[in-house]
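The structure under discussion appears below in the form of structure tokens.
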Amino acid sequence: MIRERVRAIVAAAVAKVLPDQAQAEFQVEPPRQAEHGDFAVNAALVFAKIAKTNPRTLAQQIVDQLEDPDHLIEKVEIAGPGFLNIRLRKGVWHRALQVVWKERDGFGRSDAGQGKRTMVEFVSANPTGPMHVGHGRGAVIGDVVANLLEWAGYQVAREFYINDAGGQVWRLAHAVLARATELRPGVAPVALDAEDYQGEYIKEVAQAWLEAGGDPAQPFATIREPLRAFATRWVLQNLIQPDLEMFGIRFDKFFSEKTLHDENRLEAAIRLLDDKGVTAMEILPPPKGQERDPHDDEFVEKPLKVVKTTRFGDDRDRPLFKTTGEPTYFAADIAYHFDKISRGYLRLINVWGADHGGYVSRMKAAVQAMGGELEIILFQLVNLMKDGQPFKMSKRAANYVTLRELLETAGADATRVFFLLRRGDMALDFDLGLAQKRDNTNPVFYVQYGHARCAAILRKAREEKGLEARWDAEVMEALQLPEEIDLIKRVLLLPELIAHAAAALEPHKVVFYLQETIAQFHGYYTKYKKTERVISDDPRKTAARLYLVWAVKQTLANGLRVLGVSAPDRMDAPEDAAEADEVA
RNA sequence: GGGCCCAUAGCUCAGUUGGAUAGAGCGUCGGACUACGAAUCCGAAGGCCGCAGGUUCGAAUCCUGCUGGGCCCGCCA
């Protein structure tokens, strides 16, 4: 990478001026202002204090020691408080653009991750009902983070944790039984409890269960286990997996919580924590500022086995077992994460909604105690809006907007981009009216159109002139317009942009990069469409520009692939954009 | 009472991890197609980067304290 070569040149000079500081960090960055050259280096500012001189003098000393055997540098200036503004020869940029031709669909990849085995766990929606828009945000963030890590050289597995054990799934089973008795005349009715799931889909589950031979005349206690198994599997297969498929999201594994209990896996994980000395028997205090309620029989004053998560910065120690003796959800989650570690995943990443914020420190503490490394992406919640007004929804109530409705009205591409248009730690207002609009206020069309426009130019060159874009080092110096050099620089930014977004676990950066890149291309295209066209009578310029357009197209395609968004070669009329989404 | 997140143009948001004159989209106003796609582009107007201190060559960015908003807070999942 060019930036690294420039850094090496400066670092060598710094080492001569200040032999002791050779390993210290300084920045080599593209400056905001074009007049400041190709790279701004702040080495003199960073080292001035150590060198006990003023930055500008030090900058001059560094410049005096610069050696540039490959003749990359055209000009170096000392500017402002002591920046080195470095301008490279244009030929350096021309030659560098060959990398796109060499790497093609792989352009943008790097090996920063060095194949480190990494697991991204995301969605993990409870198998008790349809997914809502909040799950959609987590799904897109998780999927694109996983893509980013793959592109940055990690070996990535995607996993979905199925919470198919515990109290909520009994609520689901009971609700299904209640609805089944309604559907089967003559069977003694079982009433739907207030805490049971109320949604219409429960009737579908009940119908399917009856068709599969379920017998609603049996008492709940005797059939609840097979009913639980049936209902959670049905929800997963009919409500959750189809949505993920529409979204284009695949998981390497769906991991069942139930199997952890069935196979006694909690025990081994807890024993490990015992060995590490981070468990204890404790009577847990009530939360700060609250009195113990003597009438509340749910919280018996009785010692419980806990993980001493306070040692890792948690507010309080967390129980592994309830007073009833049953394991907590936390205990099962520990077993699950122990399993991940045992399978050799050195880096664990979980994608959670902000409503799980209180769970972060305890889970990190537990994983750390087991010798693992856990990072959690907490994304802020999605506020549903309709016509500018908050649109309240509740999971138990029958009416709420599902992810599927959203995918069906807005399409997978637009939904993905919409969710990635903000940083994850910003709350997101999702306007249902806006999601259904299919005009240029929707940014996905902008980027896809840019890709299609590049494709159109290449198509025209092929059909009317018989010309194919290809790398030819001899003609590249025909690219002399400042906008052309800027476009080359922008294209070459993709690998570091992806590596940077992966390191920060911030997928939205890719969206902004693509928007800026295509805007730059549109500007170039429009400015010169009457004077310096891509396809002209000058064979050298035409060949060089066709390659540049091809490289921009490849860059956009690769960026879109990371986002999981299609890159169409032609756009249909705006009214028919819905169909265009399906073309991958 | 405590913890996490947020506050930047009229609105929605970026801001390269501390750099030089803070950017984009939408909206407003004014322009640009007889040739590669006008789903586009160019220009103008619009800012106390929530407030007050601090750290240093240098702060939207880091630290402290406020103000306002979101989420969470006993063994649910």
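What's counted below: heavy atoms across the whole structure, side chains too, no hydrogens, waters or symmetry copies. Residue numbers start from 1 in every chain, and the chains themselves are labelled A, B, ... in the order their sequence lines are given, proteins ahead of strands.
You'll find that the side chain of A:K530 is closest to B:C33, out of B:C72, B:C75, B:C33. Relative to the side chain of A:K322, the nucleotides B:A20, B:A77, B:C5 differ in distance, and B:A77 lies closest. Between B:C71, B:U40, B:A20, one nucleotide has an atom nearer to the side chain of A:Y446 than all others, and that is B:U40.
Look at the P atom in both B:A7 and B:G50: the space between them is 8 Å, to the nearest Å. With both ends at atom P, the span from B:C66 to B:A22 equals 31 Å, rounded to whole Å.
Contacts of A:G167 with the nucleic acid, taken as non-hydrogen atoms under 4.0 Å apart, involve only primed sugar atoms and P, OP1 or OP2. Among the heavy atoms of the strands lying under 4.0 Å from A:A504 is at least one base atom, whether or not backbone atoms are also near. Heavy atoms of A:P319 sit under 4.0 angstrom from primed sugar atoms or phosphate atoms, though from no base atom. Using a 4.0 Å heavy-atom cutoff across all strands shown, A:N85 reaches at least one base atom of the nucleic acid.
Proximity of A:Y513 to the phosphate of B:U16: no side-chain N or O atom is located under 4.0 Å from OP1 or OP2. Side-chain nitrogen and oxygen atoms of A:Y525 include none within less than 4.0 Å of the OP1 or OP2 phosphate oxygen of B:A32. Taking only side-chain nitrogens and oxygens, A:K529 comes nearer than 4.0 Å to OP1 or OP2 of B:A38. In this model, the phosphate group of B:G15 is not approached by any side-chain N or O of A:R32 to a distance below 4.0 Å at OP1 or OP2. Side-chain N/O atoms of A:H508 include one lying less than 4.0 angstrom from OP1 or OP2 on B:G15. Here A:R423 reaches the OP1 or OP2 of B:G15: one of its side-chain N or O atoms lies under 4.0 Å away.
Ring-to-base geometry places A:H36 in a stacked arrangement with B:A20 (centre distance under 5.5 Å, plane angle under 30°).
Using a 30° and 60° split on the angle between ring planes, A:Y329 and A:Y161 fall in the tilted class, from 30° to 60°. Classification of the A:F512-A:H508 ring pair by plane angle, with boundaries at 30° and 60°, yields perpendicular.
For a distance-only test at 3.5 Å, the side chain of A:D333 fails to qualify as a donor-acceptor partner of the base of B:A77.
Glycosidic conformation, B:C33: syn, with the torsion inside 90° of 0.
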| task | Assess whether side chain to side chain contact (heavy atoms under 4.5 Å, CB included) is satisfied between A:E532 and A:D538, documenting all intermediate values. | result | CA-CA 10 Å; A:E532 292 283 351; A:D538 183 327; over 6 Å; no

